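Worksheet: one structure, shown below.
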Number of protein chains: 2
Amino acid sequence: MTAKETSQRILDVAEQLFAEHGFDATSLRAITKEAGVNLAAVHYHFGSKEALVEQVFARRLGPLNRRRLELLDRAEAEAGGTPCVETILECFYAPALRTFTRPESGHGHFMRLFGRTFTEPNEQMRNMFVEQFGEVVRRFSAALSRALPHLPAEHLWWRMHFMVGAMAHSLSCPHGLRFLSGGRCDPDNHEEALRQLIAFVRAGLRAPVLARQVTS
Amino acid sequence: MTAKETSQRILDVAEQLFAEHGFDATSLRAITKEAGVNLAAVHYHFGSKEALVEQVFARRLGPLNRRRLELLDRAEAEAGGTPCVETILECFYAPALRTFTRPESGHGHFMRLFGRTFTEPNEQMRNMFVEQFGEVVRRFSAALSRALPHLPAEHLWWRMHFMVGAMAHSLSCPHGLRFLSGGRCDPDNHEEALRQLIAFVRAGLRAPVLARQVTS
DNA sequence: TCGGACGTCAAACAAACGTTTGAATGAGGA
DNA sequence: TCCTCATTCAAACGTTTGTTTGACGTCCGA
């Protein structure tokens, strides 16, 4: 087994176990045992558990967000500058959801982990998010702002917040949908999830701005 | 210090630290030190760390969901059976968000914790959710179904899933909104959050049902 | 054939964890 | 006053954690 194979297997197994049990509840011993490598290999190849976590994310998030920007670039070129809301949503959601359909890629485990991580309050994660998502936030909020010219900026930010939340919840809480539907909806049908998500969020983004009540 | 005071303080501090760092990352030693009580007090009053976690939830979730059902009862009585979508949403969201505005209640920490817990895959949590939310899901999905008679059940379930997701994300990921808006939206303004959430989700629930493409 | 990277391995490290124990404390009733 | 019972306390239990160590094997260039 080469060194590349070893570190690759550690990353794959770590991704899966982190997704299933969380970071703190997953020990290096569980990872190395499942991967069939020596315990010390983690520190040899990555330096620490924290660094391993970072690597697990960096390996996936870079390509994911690059793909998002790529799709947005193309959509903007085709639309002559301002694609419609649903096209923008497709650019944002599809890279996260479509990759599910290729289970061999391992993206499935990662996306579940990814959904969980929005909530992780730890400092390290926070910084990585700012770094990895800065460009995506800038580009997509600009695109949505152009597609929704009548929507005040403050409202757009709130709605983008919900737009992210609906996706994160779908990724990280599939059992929630099973519970709600009594098992009659399949959260693993990601094409359906994408359709439903876009239909829902598109309408939410386009909702009329209500006159603000005077708070008593 | 009475026994009631001791277990109360343990619950309060546990709620806060769980919300900040997660269950696994919060040790009983950190809780008891912060609460100013002896380490063994947790096992004396609760039996185990797991039982403490359960108590933290039971203390809040019961009243929260009772309040939701109470509001829905009243709304249905006033509307003569079928309140509109936004009224139903208000019944569902307000008990979770409005309690924030009374910071002395400690609900704030709990709701952050609560948002996180949707994602926790642990068995114990899963069971509690089914028990605590069974009635709420039944009543609210029935009410929404009556308010949206043209929406197929399968679509309603997906949309309720997103409706929960938007809320959970708002509760658990306030830093997300700050990041998105560059600090210009205040996630702790819960009246505003409630308004924005209802405006967004109402439109999402009412979105037209798209003709399903034939998948190639 | 030698020698030095490189990677793997079992073993051990200190620290932190949840949990248990048995003595000490203090208020209330007989 | 004495006994009782609920509560608190410091100390220790055995595990598990992330991390480190030094020996061992293996491959490649000289």
Side-chain angles (χ1 to χ4, degrees), chain A residues 1-59 113 116-117 120-125 127-128, chain B residues 1-59 113 116-117 120-125 127-128:
Chain A
M1 191 191 312
T2 71
K4 184 157 194 178
E5 276 170 352
T6 298
S7 57
Q8 204 71 244
R9 289 171 59 158
I10 292 174
L11 281 174
D12 289 340
V13 172
E15 182 171 85
Q16 174 175 350
L17 295 186
F18 285 156
E20 282 173 17
H21 309 110
F23 296 116
D24 296 299
T26 304
S27 69
L28 295 184
R29 282 171 177 80
I31 295 172
T32 52
K33 186 180 175 185
E34 178 76 20
V37 305
N38 189 272
L39 171 60
V42 171
H43 292 84
Y44 180 80
H45 288 284
F46 299 96
S48 68
K49 184 180 183 180
E50 209 178 50
L52 171 62
V53 171
E54 249 186 76
Q55 275 301 307
V56 165
F57 274 83
R59 182 173 69 144
L113 172 59
R116 302 192 64 189
T117 312
E120 297 279 333
N122 127 19
E123 187 67 25
Q124 176 198 3
M125 288 291 149
N127 294 338
M128 183 197 306
Chain B
M1 190 190 313
T2 73
K4 184 157 192 177
E5 276 169 351
T6 298
S7 58
Q8 203 70 245
R9 288 171 60 162
I10 291 174
L11 281 174
D12 289 339
V13 172
E15 181 172 84
Q16 174 175 351
L17 294 187
F18 284 157
E20 283 172 17
H21 308 109
F23 297 115
D24 296 300
T26 303
S27 69
L28 294 184
R29 283 171 175 81
I31 295 172
T32 52
K33 186 178 176 186
E34 178 75 19
V37 304
N38 190 272
L39 172 59
V42 171
H43 291 85
Y44 180 79
H45 288 283
F46 300 96
S48 69
K49 183 180 183 181
E50 210 178 50
L52 171 61
V53 171
E54 249 187 76
Q55 276 301 306
V56 166
F57 274 85
R59 182 173 69 144
L113 171 58
R116 302 193 62 190
T117 312
E120 298 279 332
N122 129 18
E123 187 67 25
Q124 176 198 4
M125 290 290 148
N127 293 339
M128 182 195 308

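Lettering follows sequence order; numbering is per chain, from 1. Computed from a predicted model, the values in this text were never measured in an experiment.
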Return the minimal non-hydrogen interatomic distance between [X] and [Y], and the atom names on each side.
{"X": "B:Ala14", "Y": "B:Leu52", "result": "CB-CD2, 4.0 Å"}
{"X": "A:Thr32", "Y": "A:Asn38", "result": "CG2-O, 3.6 Å"}
{"X": "B:Thr26", "Y": "B:Leu17", "result": "OG1-O, 3.2 Å"}

Where the side chain of B:Ser7 meets the backbone of B:His45, is there a donor-acceptor pair that is under 3.5 Å apart?
no

What dot-bracket string describes DNA chain C from 5' to 3', counting Watson-Crick and G-U wobble pairs whose defining distances are under 3.5 Å, with [ ] for crossing pairs and | for pairs to another strand?
||||||||||||||||||||||||||||||

Between A:Asp24 and A:Lys49, is there a side-chain N and carboxylate O pair less than 4.0 Å apart?
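Looking at A:Asp24 and A:Lys49, the cut-off is not met.
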
Closest to the side chain of A:Lys49, out of D:dC9, D:dA6, D:dG18, is D:dG18

Nearest-neighbour nucleotide for the A:Thr6 side chain, D:dT21, D:dT19, C:dT8 considered:
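Comparing D:dT21, D:dT19, C:dT8 against the side chain of A:Thr6, the answer is C:dT8.
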
So what does A:Ala40 touch, heavy atoms closer than 4.0 Å: a base, only the sugar-phosphate, or nothing?
base

For a quick check of understanding: with a heavy-atom distance under 4.0 Å over all strands, which category does A:Thr32 fall into, base, sugar-phosphate or nothing?
nothing

Restricting both atoms to N or O, compile the protein contacts to nucleotides 12-16 of chain D shorter than 3.5 Å, with distance only.
none

Upstream residue (5' side of DNA chain C) when A:Asn38 and A:Tyr44 are each assigned their closest nucleotide:
A:Tyr44

Between A:Leu28 and A:Ile31, is a side-chain contact (heavy atoms from CB on, under 4.5 Å) present by the stated rule, with each step listed?
CA-CA 5 Å; A:Leu28 295 184; A:Ile31 295 172; 4.3 Å; yes

I'd like to check the ring-ring contact (aromatic ring centres under 6.0 Å, His included) partners of B:Phe57; sequence neighbours left out, ordered by chain and number.
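B:Phe57 satisfies ring-ring contact (aromatic ring centres under 6.0 Å, His included) with B:Phe110 once adjacent residues are dropped.
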
Counting only side-chain N and O atoms of B:His45, is one of them less than 4.0 Å from OP1 or OP2 of D:dT8?
yes

